[in-house]
Amino acid sequence: MADRALRGMQIGSKSLESEDGVIFAGRVEANYVCPRGHSFTVTLAADAEKPPTWECRCGQIAELVGETEAEEETKPAKPVRTHWDMLLERRSLEELDQLLQEQLEAYRSGELQLDTSYRRG
């Protein structure tokens, strides 16, 4: 009976998959140093932004080393888009004025009532 026993692999010992034809994603390394002097490297995706801080194994906050702030300063600042800006992208001032007049007429005629649920009594 012992000669007929099935042989198998140990669980988790080896993989049957090969890495042939696999293209790995680009990687970059970020170096950090904590206040207690521990230095370590974190591997990130090439297109990922390197965080300025990382938690060290000792629990302290480590700072990114070797990166200059000039890179962040050269990025153009994104202008803040307000609700009004987005509204003007969809409608012209003439259309907005016409809508305002229609809403005022509906309010004055009684078709539209003011929502008083937010008023304090």
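Computation of the quantities below employed the complete heavy-atom set of this structure, encompassing side-chain atoms and omitting hydrogens, waters and symmetry-equivalent molecules. Fair warning: this is a prediction, and the values are worked out from it, not measured in the lab.
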inquiry  = Please enumerate all residues that pass salt bridge (Lys or Arg N to Asp or Glu O under 4.0 Å) together with E95, with sequence neighbours excluded.
reply    = none
message = Measuring from atom CD of E111 to atom OG of S109, what distance do you get when rounded to the nearest 0.5 angstrom?
response = 3.5 Å
task = Just do the side chain to side chain contact (heavy atoms under 4.5 Å, CB included) check on T82 and L87 with the steps written out, would you?
result = CA-CA 9 Å; T82 63; L87 188 62; over 6 Å; no
query = Taking only residues two or more places apart in sequence or in another chain, which ones pass side chain to side chain donor-acceptor pair (under 3.5 Å) with T43?
reply = none
For residues 19-33, dump all side-chain donor-acceptor pairs below 3.5 Å to protein atoms at least two apart in sequence or in another chain.
{"from": "N31", "atom 1": "OD1", "to": "T41", "atom 2": "OG1", "distance (Å)": "2.9"}
{"from": "Y32", "atom 1": "OH", "to": "P51", "atom 2": "O", "distance (Å)": "2.7"}

message = Among residues at least two apart in sequence or on other chains, which ones pass side-chain contact (heavy atoms from CB on, under 4.5 Å) with E105?
response = none
query = According to the salt bridge (Lys or Arg N to Asp or Glu O under 4.0 Å) rule, which pairs have a member within residues 80-89, sequence neighbours left out?
reply = R81-E89
inquiry  = Which residues pass the side-chain contact (heavy atoms from CB on, under 4.5 Å) test with Q101, not counting sequence neighbours?
reply    = D97, L104
request  = Show your reasoning for whether side chain to side chain contact (heavy atoms under 4.5 Å, CB included) applies to C58 and H38.
outcome  = CA-CA 8 Å; C58 67; H38 301 128; 3.6 Å; yes
key: Those residues that, when tested against R57, pass side chain to side chain donor-acceptor pair (under 3.5 Å) (two or more places apart)   = none
request  = Using salt bridge (Lys or Arg N to Asp or Glu O under 4.0 Å) as the criterion, list what pairs up with R108, not counting sequence neighbours.
outcome  = none
